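To start, the structure under review is shown below, and the notes come after it.
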Amino acid sequence: MLTIRQITNNPQEIIDRLKIKNFDAKERVTQIIEIDKEKRNTQKELDDLKAEQNKIAREIGLLFKDKKIEEANEAKAKAIELKAASKNIESNFIKLDEAMFKLVVELPNLPHPTVPLGKSDADNEKVREGGEIPTFDFTALPHWELAEKYDLIDFKLGNKITGAGFPVYKGKGAKLQRALINFFLSEGDKAGYQEIMPPLMVNEASAYATGQLPDKDGQMYHATVDNFYLIPTAEVPITNIYRDVILDEKDFPVKMTGYTPCFRREAGSYGKDVKGLNRLHQFDKVEIVQLQNPAKSYETLDQMVNYVENIIKKLGLPYRIVKLCGGDLSFTSALTFDFEVYSAAQEQWLEVSSVSNFEAFQANRLKLRFKSKDSKKKQLAHTLNGSALALPRILAALLENYQTEDGIKIPDVLVPFIGFETI
RNA sequence: GGAAAGAUGGCAGAGUGGUCGAAUGCGGCGGUCUUGAAAACCGUUGAGGAUCAAACCUCCGGGGGUUCGAAUCCCUCUCUUUCCGCCA
């Protein structure tokens with residue numbers, strides 16, 4: 001959520017920058033400025049009235065002590081009058097406040113100045129690529145056929161137990177999942193990220209604080225009896241550790257990582273994108289999260305991009321990194337780098353990681369602040385996160401790229417975690 | 001699931017209707033003393049809003065109510081602890 005001050009201080013800049021996200025903010029910003037003015041006036045009026053009431057209440061106390069009952073009763077009458085007046089103003093104030101929140105909460109984050117113009121993923125800017133796309137002298141199979149051939153993943157069984165998008169990993173398939181999780185977590189550990197094992201369900205306040213609500217309502221599984229949401233990413237519970245927290249400047253950077261299953265309803269998805277492991281309702285992911293001083297957050301974003309790149313390199317997968325254009329950038333993000341790996345039998349690039357700087361957008365809702373020695377005022381921190389990495393598409397690419405006619409080779413770096421060399 | 005007790009500032013812990021935004025202790029910060037440190041002593045130390053600044057307003061788990069006035073009384077929700085029941 002943008003701060004009101006951000007908007008009122010520089011309305012034209014907000015409008016211009018949101019255009020890059022293909023968001024027309026003009027009307028909304030104008031309304032916000034108007035309501036803000038009205039709200040301030042109302043608040044002043046209300047505060048003054050309350051001050052008077054407080055004063056009278058104090059006087060009444062003293063009058064009673066002095067046994068001046070008559071005078072006290074007169075004052076009481078006046079206080080009742082004032083109270084009625086302030087009730088009206090207060091209800092008006094609440095209305096304004098609610099209207100304001102509604103307007104502000106639906107404004108996306110401002111894109112970073114370096115975000116390229118564009119409407120869709122076709123306009124994303126390639127940053128760099130690496131690895132080599134394998135060639136086969138036999139007919140390469142897509143991962144869903146490999147999964148069946150070697151009995152690694154049973155999609156049909158998942159359909160039976162739960163429904164589409166809930167695959168069952170079996171035998172070496174399950175072991176491969178476990179090895180990948182361990183590998184990712186141990187990389188995080190080496191890079192100084194504290195490992196977190198968070199709850200897989202969150203309450204409404206948490207879902208709001210990281211911006212899933214109200215924007216992505218309907219995309220999360222909702223346990224209505226207790227009003228809990230199944231997490232769509234570990235970002236939600238891990239970032240919420242720092243909801244309503246005031247850090248000290250010297251605590252930065254806070255680095256956390258965590259493995260969790262992720263649950264997404266993916267309402268509206270269809271077609272070839274959902275084939276096999278490409279899009280699931282439940283999948284595993286290791287997430288990295290950092291909280292940083294605003295002055296250093298873009299430096300940190302670069303570090304996180306390098307970190308993810310390094311993991312993909314270790315797995316020997318062909319990859320490319322793209323900087324998302326304005327139109328492809330998420331609601332909450334200021335700057336995002338996506339990682340895609342090439343899945344050699346599908347002949348398709350698959351998105352496996354998204355590394356973003358949210359600047360103060362999440363922190364504002366989280367009320368995550370820090371105090372610094374140069375300023376008395378508490379400032380909002382910056383939050384960043386990235387997948388490092390999401391498993392299913394990595395698994396798809398590994399199976400497809402490492403296949404031979406006799407089996408599937410395990411990448412060297414995973415062998416210590418899995419205990420065998422081929423499938 | 002049933003019963004009881006409780007939720008107060010970074011922590012501990014007073015406060016049961018009237019200068020209480022809140023005693024006290026610990027911790028933090030600044031200072032005196034010291035070569036330095038410790039101890040001792042002095043001062044300072046919650047968050048948000050409004051303002052050039054102040055006066056001022058809001059916040060004692062969340063929400064609602066009673067009252068001229070609520071941390072204090074009532075209702076409700078959430079959470080914690082203990083006991084019982086159930087159970088990996």
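For the numbers below, each heavy atom of this structure counts, side chains included, while hydrogens, waters and symmetry mates do not. This structure is a prediction, so every number in the text was calculated from the model and none was measured. Letters A, B, ... are given to chains in the order of the sequence lines, protein chains preceding strands, and every chain is numbered from 1.
The nearest whole Å value for the distance from the CD atom in A/Q43 to the P atom in B/C59 is 13 Å. One can place CG of A/L46 at 11 Å from P of B/C57, the figure rounded to the nearest angstrom. Between A/E38 atom CD and B/G49 atom C1' there is a gap of 18 Å when expressed in whole angstrom units. Here B/G48 presents its C1' atom at 16 Å from CD of A/Q379, a figure rounded to the nearest Å. Counting to the nearest Å, the C1' atom of B/G10 and the CZ atom of A/R369 are 14 Å from each other. Between A/K68 atom NZ and B/C68 atom C1' there is a gap of 17 Å when expressed in whole angstrom units. Note: CD (A/E59) to C1' (B/C68) measures 11 Å, nearest angstrom. Taking atom CZ on A/R5 and atom P on B/A50, their separation rounds to 5 Å, with Å as the unit.
B/G36 and B/A47 have their P atoms separated by 33 Å, with the value rounded to a whole Å. Between B/G31 and B/A37, the distance separating the two P atoms is 11 Å to the nearest Å. Here the separation of B/A5 from B/C56, taken at their C1' atoms, is 40 Å to the nearest Å. Taking atom C1' on both B/A12 and B/C84, the two are 32 Å apart, rounded to the nearest angstrom. Nucleotides B/U58 and B/G21 are separated by 10 Å at their P atoms, to the nearest Å. Rounded to a whole angstrom, the distance from the C1' atom of B/U8 to that of B/G62 is 15 Å. With both ends at atom C1', the span from B/U16 to B/C52 equals 43 Å, rounded to whole Å. B/A53 and B/G46 are spaced 22 Å apart, taking the C1' atom of each and rounding to whole Å.
Look at A/R58 and you won't find any side-chain N or O under 4.0 angstrom from OP1 or OP2 of B/C68. Here A/K378 reaches the OP1 or OP2 of B/A47: one of its side-chain N or O atoms lies under 4.0 Å away. Residue A/K55 has no polar side-chain atom (N or O) positioned under 4.0 Å from OP1 or OP2 of B/C56. A/N54 has no side-chain polar atom (N or O) that falls below the 4.0 Å cut-off from OP1 or OP2 of B/G18.
With sequence neighbours excluded, the residues satisfying side chain to side chain donor-acceptor pair (under 3.5 Å) with A/T114 are A/H112, A/K323.
Residues A/Q290 and A/Y193 have side chains that bring a donor and an acceptor to within less than 3.5 angstrom of each other. A side-chain donor from one of A/D338 and A/S354 sits under 3.5 Å from a side-chain acceptor of the other. A donor-acceptor pair shorter than 3.5 Å can be found between the side chains of A/E400 and A/Q346.
The side chain of A/K50 sits closest to B/U58 out of B/U58, B/G18, B/U67. Here the nucleotide nearest the side chain of A/D47, chosen from B/G18, B/A50, B/G49, is B/G49.
When both distances must be under 3.5 Å, the Watson-Crick or G-U wobble mate of B/A7 is B/U78. As the counterpart of B/A12, B/U24 is assigned, both hydrogen-bonding distances of the Watson-Crick or G-U wobble pattern falling under 3.5 Å. In a base pair of the Watson-Crick type (N1 to N3 plus N6-O4 or O6-N4) or a G-U wobble (N1-O2 and O6-N3), with each distance short of 3.5 Å, B/A38 is matched with no nucleotide. Shown here, B/A54 forms no base pair; nothing in the strands shown gives a Watson-Crick or G-U wobble contact with both key distances under 3.5 Å. Checking B/C29 for Watson-Crick or G-U wobble geometry (two distances, each under 3.5 Å) identifies B/G43 as its partner. Base pairing of B/A88 is not made with any nucleotide, judged by Watson-Crick or G-U wobble geometry with both donor-acceptor distances under 3.5 Å. In a base pair of the Watson-Crick type (N1 to N3 plus N6-O4 or O6-N4) or a G-U wobble (N1-O2 and O6-N3), with each distance short of 3.5 Å, B/C68 is matched with B/G18.
Across all strands shown, A/A57 has heavy atoms under 4.0 Å from base atoms, whether or not it also approaches the sugar-phosphate. At the heavy-atom level, A/K78 lies nowhere under 4.0 Å from the strands shown. Contact annotation for A/I80: backbone-only contact, meaning every heavy-atom pair under 4.0 Å involves sugar-phosphate atoms and none involves a base. If you check every strand for non-hydrogen atoms under 4.0 Å, A/A51 touches sugar and phosphate atoms only.
In this structure, A/S333 contributes its side chain and A/L335 its backbone to a donor-acceptor pair below 3.5 Å.
Mapping A/A79 and A/D48 onto RNA chain B via the closest heavy atom, the residue that lands nearer the 5' end is A/D48. Along RNA chain B, the nucleotide nearest to A/I246 and the one nearest to A/K87 differ in position, and the one closer to the 5' end is contacted by A/I246.
The cationic atom of A/K285 (NZ for Lys, CZ for Arg) does not lie both less than 6.0 Å from the six-membered ring centre of A/Y259 and within 45° of the ring axis.
A salt bridge does not link A/D24 to A/K26: none of the charged nitrogens lies less than 4.0 Å from a carboxylate oxygen. Using a 4.0 Å cut-off between charged side-chain N and carboxylate O, A/K371 and A/E249 make no salt bridge.
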